[in-house]
Amino acid sequence: MARITYIEHDGTEHVVDVPAGLTVMEGARDNNVPGIDADCGGACACSTCHVYVHADWVEKLPKMDDMEEDMLDFAFEPDMSRSRLTCQIKVTDALDGLIVNLPEKQI
Ligand code: FES
């Protein structure tokens, strides 16, 4: 279980307890957090689950693979220093306290 804070573009915070084994995207989807569309259902094929990871967490997350990096090119205003696709981040207990900021929109 990890407590994850999703911050909408307007500053609205959603603090959610996400079970280990789900993805950060699924944690948002299952708790009706707006702003993560996840159109492809987590197949790393749409980029609409894009977020900006809080600076304190960028280095703590598992590295992105080539497929995620390529797909991020299609996201809305990606920042390669902190952008990630949430469907590619598996939740573990180590992610307790994770903070992600949602972009203004998804593509
Ligand atoms: Fe489509 Fe993440 S849900 S890329």
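As the structure is a computational prediction, the values presented were derived from the model and not from experiment. Heavy atoms only: backbone and side chains are in, while hydrogens, waters and symmetry mates are out.
- Applying the under-4.5 Å side-chain rule to Ile, Leu, Val, Met, Phe, Trp and Tyr, the cluster around V18 extends to I4, Y6, V16, L22, V24, M25, V33, I36, V51, V53, W57, V58, L61, I89, V91, L95, L98, V100, L102.
- Applying the salt bridge (charged side-chain N to carboxylate O under 4.0 Å, His left out) rule to E26 yields no partners; only residues at least two apart in sequence or on another chain are considered.
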Could you tabulate the donor-acceptor pairs under 3.5 Å formed by side-chain atoms of residues 75-83, not counting sequence neighbours?
unit_1, atom_1, unit_2, atom_2, d
D79, OD1, S81, N, 2.9
D79, OD1, S81, OG, 2.7
D79, OD2, S81, OG, 3.4
D79, OD2, R82, NE, 2.9
S83, OG, H50, NE2, 2.8
S83, OG, D79, N, 2.7
S83, OG, D79, O, 3.1

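- Residue pairs meeting the side chain to side chain donor-acceptor pair (under 3.5 Å) criterion with at least one member in residues 29-49: none, sequence neighbours excluded.
- Sequence neighbours left out, not one pair with a member in residues 96-107 passes side chain to side chain donor-acceptor pair (under 3.5 Å).
- Residues G42 and C87 come closest through the heavy atom pair CA-CB, 3.6 Å.
- Remark: D73 engages no residue in a side chain to side chain contact (heavy atoms under 4.5 Å, CB included) (not counting sequence neighbours).
- Nearest heavy atoms, C44 versus M67: CB-CE, 3.5 Å.
- Side-chain contact check for H9 versus P103: every heavy-atom pair is 4.5 Å or farther apart.
- Closest approach of A38 and C46 over heavy atoms only: C-SG, 4.2 Å.
- Considering only residues two or more places apart in sequence or on other chains, P62 meets the side chain to side chain contact (heavy atoms under 4.5 Å, CB included) condition with none of them.
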Next on the checklist: Set out, in order, the CA-CA distance, both residues' side-chain angles and the distance that settles side-chain contact (heavy atoms from CB on, under 4.5 Å) for M71 and L85, then state yes or no.
Outcome noted: CA-CA 8 Å; M71 192 50 60; L85 295 180; 3.7 Å; yes
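- The structure places NE2 of H54 at 7.0 Å from CD1 of I7, a figure rounded to the nearest 0.5 Å.
- Under the rule for a side chain to side chain donor-acceptor pair (under 3.5 Å), the partners of D10 that lie at least two apart in sequence or sit in another chain are T12.
- Residues meeting the side chain to side chain donor-acceptor pair (under 3.5 Å) test with Q88, sequence neighbours left out: none.
- The list of salt bridge (Lys or Arg N to Asp or Glu O under 4.0 Å) pairs with a residue in residues 50-62, not counting sequence neighbours, reads E59-K63.
- T23 places no side-chain N or O within donor-acceptor distance of the main-chain N or O of K90, the cut-off being under 3.5 Å.
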